[in-house]
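Only one structure is covered here, and it is reproduced in the block below.
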Amino acid sequence: MTLRELDFYFNSFLKKEEFSADPSRNGIQIENSAPDEKQITKVAFAVDAILDTVNAAAQNGAQVLFVHHGLFWGGCETITGVHYKRIAAFVKNDIALCAYHIPLDANREVGNNYGLAMRLGLLDKQDFASWRGMVLGCKGRLPVPMTLDELQKAAFGLNKVSAVLPFGKNKIETVGIASGGSGEDHVMAAREGLDAFITGEVGHEDFNPIKEEGLNVIAGGHYQTETIGVQLVMKKLMEEKGIEGIYLDFPSGL
């Protein structure tokens, strides 16, 4: 499978054309030296396109790096400073970069939000929350009521989270999920009468409104909530196409 064939495969289910309001340049952001000829045998997966991940991809023999946060976000950007160093590492190692931002948040099969919903076993799953008119989150009902502590462990195990705001019911039945920097969607969760909201990060300006809404919130960390989709895409690629995948974990703790 060549790079172009690989990206056609990714887009067959991520469907970047349905997310035209996403400023990320979804799809191939950096080609390899022969995108129509060179056979791809190993793909690295990571949350971010950074020096750590491109260098690790090279060290592990991957020809492509697939990420959630790419290097290009709509506007023209000079290739200087850190941006130059990152691009130079891709070119030097002849590694291609594929990035899928909102399409990977929103996808019902391999997305960050539906992926976390599946981890929690949510029933009656429905779309929830939007950004720039694009629906990206998920909501549903827990199979059994949980305490906030139980919900946190079910979602993130023993991993550290950014914040837990215990301002709602003691027993949680309904949950809304919007990964990454979607903390403002606590407003939608409260409006829809959900018992808890899981997101990546919340700011100081969110704290008192959440308290006054009487809502339980878990901020799992921007990075941690967006590790889900890339790993599900990797699993799908390996199972369906037999191409080797490797997950590169470089957490920010944020």
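Keep in mind that this is a model prediction, so the values were computed, not measured. Positions are given from 1, in the same order as the sequence printed here.
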Measuring only between side-chain heavy atoms, which start at C-beta, is D22 closer than 4.5 Å to R132?
no
Thinking salt bridges, do D127 and R108 make one under a 4.0 Å N-O criterion?
yes
State plainly whether the residues E173 and R141 are in salt-bridge range, i.e. N to O under 4.0 Å.
no
Parallel, tilted or perpendicular for F197 and F128, by the 30°/60° rule?
perpendicular
I'd like to know if E213 and R191 make a salt bridge, using a cut-off of under 4.0 Å between side-chain N and carboxylate O.
no
Y100 ring center within less than 6.0 Å of F66 ring center
yes
T147 side chain reached by N170 side chain, heavy atoms, under 4.5 Å:
no
May I ask you to decide if the ring planes of F10 and F13 are parallel, tilted or perpendicular, using 30° and 60° as cut-offs?
perpendicular
Under-4.0 Å salt bridge between D94 and K38
yes
Should I243 and K42 count as side-chain neighbours, where that means a heavy-atom distance under 4.5 Å?
no
Ring centroid separation for H68 and H222, is it under 6.0 angstrom?
no
Can the ring centroids of F45 and Y247 be said to lie less than 6.0 angstrom from one another?
no
